[in-house]
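Each chain gets a letter, A, B and so on, in the order the sequences are listed, and its residues count up from 1.
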There are 2 protein chains.
Amino acid sequence: MRDFILQAKAISDETRIRILKLLEKGEFCVCQLMDILDMKQSTVSKHLGILKTAGLVECRKNGTWTFYKLSNNLINNYNLDFLKLLSCLKDDFLIQEDKKRLKEIAKQDIRILCKS
Amino acid sequence: MRDFILQAKAISDETRIRILKLLEKGEFCVCQLMDILDMKQSTVSKHLGILKTAGLVECRKNGTWTFYKLSNNLINNYNLDFLKLLSCLKDDFLIQEDKKRLKEIAKQDIRILCKS
DNA sequence: TTCTTTTATCACGATATAACAATATAATAA
DNA sequence: TTATTATATTGTTATATCGTGATAAAAGAA
């Protein structure tokens with residue numbers, strides 16, 4: 001039950017839902033997500049930590065960057081079910097705007113984007 | 001998204017998970033749940049209110065009693081999915097104990113049980 | 001009516017969570 | 001080495017949530 005609650009809480013926050021819906025589109029580093037969400041680095045990093053602890057996302061390091069993506073293997077008993085549930089969530093206005101912004105920043109060189 | 005978060009939060013609490021797992025076994029009034037959960041009336045009633053607002057449970061009045069059960073029709077976009085997800089949750093020790101207690105009180109006359 | 005029973009709601013203290021600034025850590029470049 | 005960049009962690013403040021006592025509301029019995 002502890003794991004289940006951890007994951008249910010993880011998807012109970014607007015910011016974390018926004019992050020997960022973005023990660024459905026690919027793999028992103030913290031500074032890219034900062035830019036799209038328009039939130040401070042510590043805030044984004046903390047939310048990603050919560051999602052990682054819950055087993056909903058995985059990350060890989062590349063130099064100073066950390067890239068996050070959705071977990072695609074069974075980390076605990078329910079993580080894939082929770083992600084599936086979220087994939088059924090219809091995009092509301094906020095998510096749609098995030099995805100528009102995503103398309104813009106996806107074109108940009110990450111080395112330039114993250115310095116700004 | 002608002003509804004989704006409401007339901008995700010509703011299943012993010014140990015007490016509410018215990019209630020939902022009990023309601024998988026049938027229909028119960030507040031005082032029966034109080035007895036099984038060993039919690040105060042205001043606490044149980046509040047949790048049931050949260051579950052009702054989230055569309056996860058329904059209730060019917062019979063005299064002074066209010067009987068709660070799991071929603072079995074589509075109240076919002078996700079309620080059945082959330083209940084399905086919860087039905088996959090493996091019973092841990094606490095839930096097992098609740099179900100044992102449930103079997104005991106199910107035999108008893110509700111008019112006597114609820115007066116004690 | 002008055003009393004009892006059951007449930008819902010309000011108010012409160014304790015705890016948890018959110019966003020953020022400041023700081024620490026780790027990798028790389030100069 | 002020192003400086004820079006990206007991320008993680010810590011501490012603070014504001015808000016949200018949990019459990020509970022007190023109260024209110026609704027139904028029925030006396």
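Contacts of A:Tyr68 with the nucleic acid, taken as non-hydrogen atoms under 4.0 Å apart, involve only primed sugar atoms and P, OP1 or OP2.
Rounded to whole Å, the distance from CG on A:Asn62 to P on C:dA26 is 18 Å. The CG atom of A:Asp109 sits 15 Å away from the P atom of D:dT5 (whole-angstrom rounding). Whole-Å rounding puts the B:Lys61 NZ to D:dA27 P distance at 7 Å. The distance from atom CD1 of A:Ile11 to atom P of C:dA18 is 13 Å, rounded to the nearest whole Å. The separation between A:Ile19 atom CD1 and D:dT7 atom C1' is 14 Å, rounded to whole Å. When rounded to the nearest whole Å, the span between CG of B:Leu48 and P of C:dT6 equals 16 Å. When rounded to the nearest whole Å, the span between CE of A:Met34 and C1' of C:dC20 equals 12 Å. Here C:dT7 presents its P atom at 9 Å from CG of B:Leu33, a figure rounded to the nearest Å.
Using a cutoff of 4.0 Å between basic side-chain nitrogens and carboxylate oxygens, A:Arg101 and A:Asp35 are scored as salt-bridged.
Between the two ends of the helix from C:dT1-D:dA30 to C:dA30-D:dT1, each summarised by a five-pair axis, the helix axis turns through 0° (rounded to 10 degrees).
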Test log, rule side chain to side chain donor-acceptor pair (under 3.5 Å), inputs A:Asn76 and A:Gln7 | CA-CA 10 Å; A:Asn76 48 51; A:Gln7 290 166 82; 3.2 Å; yes
Are B:Lys61 and B:Phe67 close enough, and set up right, to give a side-chain contact (heavy atoms from CB on, under 4.5 Å), and what steps lead you there?
-> CA-CA 6 Å; B:Lys61 295 226 172 208; B:Phe67 289 93; over 6 Å; no
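Each of B:Asn72, B:Ile11, B:Leu70, B:Leu23 was scored for a side-chain contact (heavy atoms from CB on, under 4.5 Å) with B:Leu83, with one residue passing: B:Leu70.
Using the six-membered ring where Trp is involved, B:Tyr78 and B:Phe82 have ring planes that are perpendicular, over 60° apart on the 30 and 60° scheme.
Side-chain proximity of A:Trp65 to the nucleotides D:dA27, D:dT7, C:dA8 is greatest for D:dT7.
The distance from atom CG of A:Leu51 to atom CD1 of A:Ile17, rounded to the nearest 0.5 Å, is 10.0 Å. For the atom pair CZ of B:Arg111 and CH2 of B:Trp65, the computed distance is 6.5 Å after rounding to the nearest 0.5 Å.
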How does protein contact run along nucleotides 9-21 of chain D, one letter per nucleotide 5' to 3', with B for base contact, S for sugar-phosphate only, - for none, heavy atoms under 4.0 Å?
-> B-------SSBBB
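Although no hydrogens or angles enter the test, the distance criterion places a donor-acceptor pair under 3.5 Å between the side chain of A:Asn79 and the main chain of A:Asn73. Without hydrogens or angle criteria, B:Glu58 side chain to B:Lys52 main chain gives no donor-acceptor distance under 3.5 Å.
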